[in-house]
Amino acid sequence: MIKVLIADDQELIRQSLQIVLESKEHICITDAVANGQEVIQSIRKEKPDVILMDIRMPKMDGVQCTKIIKENYPQIKIIILTTFDDDEFVYSALKYGASGYLLKGVSMEELVKAIDVVHSGRAMINPDIATKVLRLFSELARSDYTISIQESQVEDLTKTEWKIIEEVGRGASNKEISETLSLSEGTVRNYLSTILNKLDLRDRTQLAIWVVQRRMGN
């Protein structure tokens, strides 16, 4: 029997997943929760084998929750289940130890197969984003892809800009950053534009990679 925990902030999705998965004889749903904090509380009571984790949830998102879980419960397998396929989310979730990454458009048969696959210790990545993952990791692996930024450029960054950079590094969207820092989405976009100009970076993905490389270097 595979014990599965469902985490999604949309009640309809939680209920739908629970109904379908509970119809499978070899799957048992331990809980269905709405955010990352509730995930942490739930697994302390009854440790699931696999967690179906939405990326964008209030209070604590799926990326941060994945990091905490894998640090404390490395045996628990995590499948990121989301409607988004942003490069930053893909990289962050897998970097922190997620075993699978599926878009919510997958069939229930594919979802059940993914649960079986990650429970057996293998990885399961949606074909639609597998190419992105391979490309991003190959870019990071190339020594000539290391993003080099002058210290003088870094010194020009303000405290607010640093806060936004950290949020981008953990995979937050503009909307999430605006909510976390109490700024409008337009203001966040303006800040990001300024940050990219200051650091002479092409786009948000380069910024996220730079943050990861900076962390790994510390």
Side-chain angles (χ1 to χ4, degrees), residues 9 35-36 53-68 70-71 78 80-98 101-105 125-218:
D9 63 339
N35 60 64
M53 182 93 72
D54 187 22
I55 275 283
R56 303 197 182 194
M57 297 184 292
K59 297 184 181 180
M60 183 190 295
D61 64 37
V63 172
Q64 188 63 25
C65 189
T66 295
K67 182 176 185 291
I68 292 171
K70 296 304 289 187
E71 286 175 349
I78 298 173
I80 299 297
L81 188 62
T82 181
T83 56
F84 301 91
D85 61 346
D86 304 86
D87 288 352
E88 300 90 23
F89 287 128
V90 173
Y91 179 71
S92 296
L94 294 175
K95 178 171 73 75
Y96 289 139
Y101 199 109
L102 298 175
L103 301 182
K104 286 183 178 177
I125 300 176
N126 187 291
D128 293 338
I129 57 177
T131 303
K132 283 192 170 200
V133 175
L134 291 173
R135 187 186 72 240
L136 189 57
F137 274 86
S138 65
E139 287 176 343
L140 283 169
R142 293 205 321 256
S143 59
D144 63 346
Y145 191 78
T146 300
I147 295 174
S148 178
I149 293 175
Q150 299 297 321
E151 198 58 35
S152 58
Q153 293 172 283
V154 177
E155 290 171 356
D156 286 339
L157 295 168
T158 66
K159 289 182 179 179
T160 301
E161 287 168 348
W162 269 116
K163 289 179 181 177
I164 290 174
I165 288 170
E166 286 301 315
E167 291 296 311
V168 170
R170 73 179 183 85
S173 65
N174 286 355
K175 184 174 186 294
E176 290 168 326
I177 295 173
S178 72
E179 291 171 353
T180 300
L181 303 182
S182 299
L183 300 169
S184 71
E185 286 190 60
T187 300
V188 171
R189 282 194 295 272
N190 290 337
Y191 266 115
L192 277 170
S193 179
T194 301
I195 291 167
L196 293 175
N197 284 332
K198 282 186 176 182
L199 300 179
D200 196 25
L201 295 175
R202 183 182 66 240
D203 53 31
R204 187 193 193 97
T205 301
Q206 280 198 336
L207 178 61
I209 292 172
W210 176 68
V211 175
V212 171
Q213 290 178 342
R214 187 178 176 86
R215 286 176 188 157
M216 293 172 69
N218 292 337

**Asked** Is a side-chain donor or acceptor of Gln64 paired with a backbone partner of Asp61 at a separation under 3.5 angstrom?
**Response** no
**Message:** Quick one: does any side-chain atom of Thr66 pair with a main-chain N or O of Gly62 as donor and acceptor, under 3.5 Å?
**Reply:** yes
>> Keeping Thr180 on the side-chain end and Ile177 on the backbone end, is there a donor-acceptor pair under 3.5 Å?
In response: no
Just so I know, are the side chains of Thr82 and Tyr101 near enough to count as touching, which here means a heavy-atom distance under 4.5 Å?
yes
task = With the side chain counted from C-beta on, respond yes when Val211 and Val168 share a heavy-atom pair under 4.5 Å apart, and no when they do not.
result = no
ask   = With side chains defined as the heavy atoms from C-beta onward, is the minimum distance between Thr158 and Thr194 less than 4.5 Å?
value = no
Separation between CD1 (Ile164) and NZ (Lys159), nearest 0.5 Å, reads 15.0 Å
For this session: Report, as yes or no, whether the 6.0 Å neighbourhood of atom CD on Glu71 holds more than 12 heavy atoms from other residues, nucleotides or ligands.
Result: yes
Task: Any donor-acceptor N/O pair, Lys163 side chain to Leu181 backbone, under 3.5 Å - done: no
Distance col, row Glu176:CD vs Glu185:CD, nearest 0.5 angstrom, shows 10.0 Å
Please examine the side chains of Tyr191 and Ile165, heavy atoms only from C-beta on, and report whether any two atoms are closer than 4.5 Å. no
Value for CD1 (Ile149) from CG (Leu199), rounded to nearest 0.5 Å, stands at 4.5 Å
d(Ile80 CD1, Lys104 NZ) to nearest 0.5 Å is 11.0 Å
